[in-house]
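First the structure, in the form of structure tokens, and then the observations on it.
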Amino acid sequence: MKMMLALLLSSAAMPNIAFAQNHDGHNMPAMVDPDEKPLADEPDPHASHNMDAAQTAQDDVPVNHDEMDHEGLPHEGVDEADASQDMQMDSMSDPQMDHSQMDHGKMNQQSEEADPHAGHDMPLDLPVNAPPPPEAFEGPTYAADQFVGAEAMAASRAGVAREVSGTPVFWFQGDRLEYRAREGKDGYLWDVQGYYGGDLEKFWFKSEGEGSFGEAIESAEIQALYSKAIAPFFDLQAGIKQDLTGPERTHAVIGIQGLAPYLFEVDAALFLSNKGDMTASIEGELDQKITQRLILQPRAEVSLAAQDIPELGVGAGLDRLEVGLRLRYEFAREFAPYIGIDQEWKIGGSRDFALAAGEDPSVTNYVVGIRFWF
């Protein structure tokens with residue numbers, strides 16, 4: 001009877017031992033007797049095993065750290081496998097832990113897919129509209145000067161400018177050609193100009209005059225000028241002016257003409273007559289587009305004299321002031337009729353000369369005219 005019980009007990013223990021031996025080295029925990037307590041000096045049979053399955057289960061199940069002491073040893077009633085897993089969780093929470101042995105591949109891959117700029121070295125504080133660096137201005141103004149030479153390139157650029165701007169062009173404009181309705185006898189006025197030449201150098205001519213119908217021409221003049229470009233929008237002009245009415249005088253002329261900031265057209269000139277009289281005039285006008293074809297043009301002109309010229313009715317200082325407003329419609333850019341109003345004042349000594357001659361020093365003109373060019 002005793003012999004049969006011993007055989008039964010030995011056969012019952014055999015499957016557990018065989019299972020543990022046959023699965024040595026596999027990624028499965030060995031089956032042990034739950035009633036058997038581990039020995040303190042017995043080595044851990046799972047020390048070198050890959051615990052991926054246990055780690056995965058551990059990530060899904062929260063760990064209760066209250067069942068472990070601070071020394072990483074299992075409490076009483078906890079088996080060796082649970083204690084080993086709890087010790088691994090403590091080591092993961094340690095800030096001094098070496099993460100190089102942990103599998104973060106999936107986590108890094110997910111973070112890189114979520115951030116399209118991951119791995120790029122892009123500064124976040126880029127300056128907006130930053131000026132060029134100082135070294136950008138260290139080279140010569142013209143890069144070709146380094147290879148060909150500054151003198152040779154300067155001559156070449158001058159030649160190109162002559163070729164481009166050397167083609168002569170003829171241009172003629174009737175700026176004001178108008179009928180003037182006013183108190184007393186109605187009058188007329190012409191103001192034309194034009195040039196022949198290139199962009200840098202031109203021969204410029206101007207003519208202006210006015211009068212009343214049924215009477216002799218009050219004033220008329222013509223100018224012949226050499227014009228030289230001194231700035232992108234300004235020409236320096238010099239030449240002669242010839243008076244065609246009254247006491248005939250010839251004047252030397254020097255002045256400037258061009259386009260000032262805000263698109264003001266400016267024409268200023270200084271005159272020195274063959275009698276030694278010095279006078280000056282300044283004209284300015286501005287085109288204000290109401291539509292693409294309807295244009296309002298304010299205009300002003302000031303005449304000055306350095307001395308009294310009694311035979312011309314001109315007083316020293318501010319001689320005459322004229323302001324006007326004209327509204328034109330451009331049927332074509334080259335042809336535009338207009339209507340407007342123009343006011344003239346003779347001031348200072350000129351006013352006294354006008355009153356002495358029985359003339360009105362202040363005249364209002366209602367004008368109708370044509371502006372054209374070709």
Side-chain angles (χ1 to χ4, degrees), residues 172-194 206-223 241 243-246 257 264-269 271 279-290 293-305 309 311-315 317-331 334-373:
F172 179 81
Q173 174 174 298
D175 194 23
R176 292 181 297 163
L177 189 63
E178 60 191 33
Y179 169 84
R180 296 186 151 197
R182 57 194 178 197
E183 187 177 354
K185 293 184 178 182
D186 294 342
Y188 56 87
L189 177 141
W190 77 85
D191 181 6
V192 299
Q193 61 181 328
K206 304 176 184 180
S207 179
E208 185 174 352
E210 62 179 315
S212 298
F213 292 104
E215 298 182 358
I217 298 176
E218 296 177 8
S219 65
E221 65 182 44
I222 187 170
Q223 300 182 40
K241 181 183 83 166
D243 291 338
L244 304 177
T245 60
Q257 182 172 353
F264 283 92
E265 296 184 20
V266 178
D267 186 357
F271 308 98
T279 58
S281 68
I282 304 173
E283 301 178 14
E285 58 189 37
L286 175 66
D287 286 350
Q288 296 281 357
K289 286 190 173 183
I290 300 175
R293 296 188 178 273
L294 189 62
I295 299 173
L296 183 66
Q297 183 193 71
R299 183 182 183 278
E301 181 178 354
V302 178
S303 298
L304 305 101
I309 311 175
E311 59 271 28
L312 299 179
V314 175
L318 186 59
D319 168 32
R320 185 174 62 92
L321 175 64
E322 179 180 353
V323 294
L325 194 64
R326 291 167 175 81
L327 180 67
R328 71 175 184 267
Y329 185 84
E330 295 181 344
F331 289 98
E334 300 85 357
F335 180 81
Y338 64 84
I339 59 174
I341 185 172
D342 189 272
Q343 180 69 39
E344 297 180 14
W345 296 276
K346 290 188 176 181
I347 303 172
S350 298
R351 181 178 184 275
D352 297 336
F353 285 127
L355 292 174
E359 300 175 357
D360 190 352
S362 176
V363 178
T364 303
N365 300 291
Y366 301 94
V367 303
V368 178
I370 297 173
R371 185 178 189 265
F372 64 92
W373 62 269

Test L177 against V192 for side-chain contact (heavy atoms from CB on, under 4.5 Å), laying out the working first. CA-CA 8 Å; L177 189 63; V192 299; 5.5 Å; no
Using 4.0 Å as the upper bound for N to carboxylate O, is an ion pair formed by K346 and E344? no
Min side-chain heavy-atom separation D243-I222 under 4.5 Å: no
Ignoring hydrogens and geometry beyond distance, is a side-chain donor-acceptor pair present between R180 and S212 at under 3.5 Å? no
Taken to the nearest 0.5 Å, the spacing of L286 CG from Q297 CD works out to 8.5 Å
Could you grab the distance from atom CD of E322 to atom CD of E301, nearest 0.5 Å is fine? 5.5 Å
Kindly give the heavy-atom pair with the smallest separation between R182 and D186, and that separation in Å. N-OD1, 3.1 Å
Who passes ring-ring contact (aromatic ring centres under 6.0 Å, His included) against Y188, sequence neighbours left out? F213
E178 versus Y338, side-chain donor and acceptor atoms under 3.5 Å: yes
Please assess F372 against E334 for the test side-chain contact (heavy atoms from CB on, under 4.5 Å), listing each intermediate value before the final yes or no. CA-CA 5 Å; F372 64 92; E334 300 85 357; 6.0 Å; no
OG/S362 to CD/E183 distance, rounded to the nearest 0.5 angstrom? 10.0 Å
Shortest non-hydrogen contact from W190 toward S207: NE1-OG, 3.1 Å
So, are R293 and E330 salt-bridged, with charged N and O less than 4.0 Å apart? no
Do S219 and E208 get their side chains close enough for a donor-acceptor pair, meaning under 3.5 Å? no
Whether Q343 side chain and V363 backbone form a donor-acceptor pair below 3.5 Å: yes
Test salt bridge (Lys or Arg N to Asp or Glu O under 4.0 Å) applied to E285 and R328, R326, R299, the passing residue: R299
Taking all non-hydrogen atoms of both residues into account, name the closest pair between V314 and A305 and its distance. CG1-CB, 3.6 Å
Quick one: ring-ring contact (aromatic ring centres under 6.0 Å, His included) partners of Y329, sequence neighbours excluded? F331
Any chance you could lay out the side-chain contact (heavy atoms from CB on, under 4.5 Å) test for E215 and K185, step after step, and finish with the verdict? CA-CA 9 Å; E215 298 182 358; K185 293 184 178 182; 3.4 Å; yes
How long is the gap from CG on L355 to CZ on R351, to the nearest 0.5 Å? 5.0 Å
Spacing of CG belonging to L296 relative to NZ belonging to K289, to within rounding of 0.5 Å: 13.5 Å
Rounded to the nearest 0.5 Å, how far apart are CZ of F353 and CD1 of I309? 9.5 Å
Taking atom types as modelled, find out whether Q193 and Q257 have a side-chain donor-acceptor pair closer than 3.5 angstrom. yes
May I ask you to check whether over 12 heavy atoms, not counting those of F172, lie within 6.0 Å of atom CZ? yes
Apply side-chain contact (heavy atoms from CB on, under 4.5 Å) to V323 and D342, showing your working. CA-CA 6 Å; V323 294; D342 189 272; over 6 Å; no
N365 side chain vs V367 backbone, donor-acceptor pair below 3.5 Å: no
Please examine the side chains of D319 and I347, heavy atoms only from C-beta on, and report whether any two atoms are closer than 4.5 Å. no
Considering all heavy atoms, the nearest V302-L304 contact: CG1-CD1, 4.0 Å
